[in-house]
Engineer: 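Structure provided below as structure tokens; questions to follow.
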Amino acid sequence: MPELPEVETVVRDLRELLVGKQFAAIRCVRRDLRKPWNVDWNAILVGETVESIRRRGKWIVMHLTSSQELLFHLGMTGQLTVTKADAAILDHTHLLFDLANTDQQLRFRDIRRFGSATLFANAEAVEVFIGKTLGSEPFELTDKAFHTSVTATKRNLKAILLDQHVVAGVGNIYADEALFRAKLHPGKLGCDMTLAECKRLRKAIVEVLNHAIENRGSSIRNYVGGSGLKGGFQNEFRVYGRTGEPCPRCETPIEMVRLAQRSSHYCPQCQRAE
DNA sequence: CTGTAATCCTGCGAGC
DNA sequence: TGCTCGCAGGATTACA
């Protein structure tokens, strides 16, 4: 579920609630989430303090006093929240970190278990791990670099935007929304893109993501921020999930097609296939 | 190397 | 009411 704006919102919330806090007892309800999950959390993390929290793509990284780093991915249904320690424990809550000298608890919940929580020895190890799959942050990507990677492939724009190697952090919602803003058909091939079109698309991506961050991301079903608060950008969607509804620009009914194994929403009038 | 499918998992709404 | 089917903010792996 969570794409860059949702993850950014969680990170900003958690900075307020978690930085400077120390882990006390940790409870692991189930450990078969994803990837390396065979960690004795208590033995390794009790006594550690969270020094800083950052986002890279859709990953959340917590830097600890020992230089170890905790890496989270929220997958489709992940939630990372700070709540009262005595609050009811919802289904599918997998990890609970008591925060020393507070009545608060950090909780990791993930219904579909596509998410992960992994411990690394230091920041370099994290970069090596996620760096293999991640390209530039969208806000740092230049038009030239974007143009180079887009035109180097015969895949369609939807597939390119979902590829984290090209731009880190964009997912199904914001890919559709950015393509609408840039007036580009999701099925258009990367190799057919001009420099002007790439500039338009890169700008649209940045604008959509920033707009969504301002609205604390999008809550369709499961997403909540680090404080448990929902997002509001789902009310700003122009095409995502609006199949059959009139295009906000030209009133033509929004259509949906399947691209890169994902549903893609677009306006057949504003976003001509050509 | 490039691009496309299948897979992991749970829940929910649509349709019968 | 109850069952089956398809679909859902993602990413890896296996295959053509």
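On a predicted model such as this, the values are computed, not experimentally measured, just so you know. Letters A, B, ... are given to chains in the order of the sequence lines, protein chains preceding strands, and every chain is numbered from 1. Every heavy atom of this structure was used, including side-chain atoms; hydrogens, water molecules and symmetry mates were not.
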Engineer: Given that A:His73 and A:Ser263 both sit by DNA chain C, which one's nearest nucleotide is further toward the 5' end?
Structural biologist: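 This one resolves to A:Ser263.
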Engineer: Counting only side-chain heavy atoms from C-beta out, which of B:dT10, C:dA11, C:dG10 sits nearest to A:Arg262?
Structural biologist: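 The closest nucleotide is C:dG10.
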Engineer: Of the listed nucleotides (C:dT12, C:dG10, B:dC9), which one gets closest to any side-chain atom of A:Thr133?
Structural biologist: C:dT12
Engineer: Between C:dG10 and A:Gln164, is there an OP1 or OP2 to side-chain N/O distance shorter than 4.0 Å?
Structural biologist: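 For C:dG10, OP1/OP2 do not have a side-chain N/O of A:Gln164 under 4.0 Å.
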Engineer: Between B:dG11, B:dC9, C:dG10, which nucleotide gets closest to the side-chain atoms of A:Arg113?
Structural biologist: B:dC9
Engineer: Using a heavy-atom cut-off of 4.0 Å across all strands, would you classify A:Tyr240 as base, sugar-phosphate, or nothing?
Structural biologist: sugar-phosphate
Engineer: According to the Watson-Crick and G-U wobble definitions, with both distances under 3.5 Å, which nucleotide is paired to B:dC9?
Structural biologist: none
Engineer: Would you call A:Glu197 and A:Lys188 a salt bridge, using N to O less than 4.0 angstrom?
Structural biologist: yes
Engineer: Using modelled atom types only, decide if a donor and an acceptor are shared between the side chain of A:Glu48 and the backbone of A:Leu64 within a distance under 3.5 Å.
Structural biologist: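 No.
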Engineer: Any salt bridge between A:Asp103 and A:Lys84, counting N to O under 4.0 Å?
Structural biologist: yes
Engineer: Report the distance from atom CD of A:Gln79 to atom P of B:dG11, rounded to the nearest whole Å.
Structural biologist: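 A:Gln79 atom CD is separated from B:dG11 atom P by 13 Å.
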Engineer: Please state how far atom CG in A:Asn172 lies from atom C1' in C:dG10, giving the value in whole angstrom units.
Structural biologist: 10 Å
Engineer: Check the distance between C:dG10's P and A:Asp176's CG and give it to me in whole angstrom.
Structural biologist: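 Taking CG of A:Asp176 and P of C:dG10, I get 10 Å after rounding.
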Engineer: Can you check the distance between C:dA14 and B:dC9, where both ends of the measurement are the P atom (answer in whole Å)?
Structural biologist: 15 Å
Engineer: So does A:Glu207 pair up with A:Lys203, basic N to acidic O under 4.0 Å?
Structural biologist: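 A salt bridge links A:Glu207 with A:Lys203.
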Engineer: Rounded to whole Å, how long is the line connecting atom CD1 of A:Ile173 with atom P of C:dA8?
Structural biologist: 11 Å
Engineer: For each nucleotide in nucleotides 1-6 of chain B, reading 5' to 3', give B when a protein heavy atom comes within less than 4.0 Å of its base, S when such contact involves only the sugar-phosphate, and - otherwise.
Structural biologist: --SSB-
Engineer: Decide, yes or no, whether a salt bridge links A:Glu3 with A:Lys58 under the criterion of side-chain N to carboxylate O below 4.0 Å.
Structural biologist: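 Salt bridge between A:Glu3 and A:Lys58, a charged N being under 4.0 Å from a carboxylate O: no.
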Engineer: Is the shortest side-chain N/O distance from A:His92 to OP1 or OP2 of B:dC9 below 4.0 Å?
Structural biologist: no
Engineer: Between P on C:dC7 and CZ on A:Arg221, what's the gap in Å once rounded to a whole number?
Structural biologist: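 Rounded to whole Å, this separation is 13 Å.
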Engineer: So what does A:Ile220 hit on the nucleic acid, given a heavy-atom distance under 4.0 Å: a base, only sugar-phosphate, or nothing?
Structural biologist: base
Engineer: Are the aromatic rings of A:Phe72 and A:Phe108 close, with centres under 6.0 Å apart?
Structural biologist: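 When the ring centroids of A:Phe72 and A:Phe108 are compared, they turn out to be within the sub-6.0 Å range.
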Engineer: Nearest to the side chain of A:Phe114 - C:dA11, C:dG10, C:dA8?
Structural biologist: C:dG10
Engineer: Report the distance from atom CG of A:Asp110 to atom C1' of C:dG10, rounded to the nearest whole Å.
Structural biologist: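 Between C1' of C:dG10 and CG of A:Asp110: 10 Å.
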Engineer: Measure CZ/A:Arg258 against C1'/C:dC7 and give the value in whole Å, please.
Structural biologist: 7 Å
Engineer: Closer than 4.0 angstrom, basic N to acidic O: yes or no for A:Arg238 and A:Asp176?
Structural biologist: no
Engineer: To the nearest angstrom, how far is A:Asn222 atom CG from B:dG11 atom P?
Structural biologist: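 My rounded result for the distance is 10 Å.
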Engineer: Run the salt-bridge test on A:Arg216 and A:Glu8 with the 4.0 Å N-O cut-off and return the result as yes or no.
Structural biologist: no
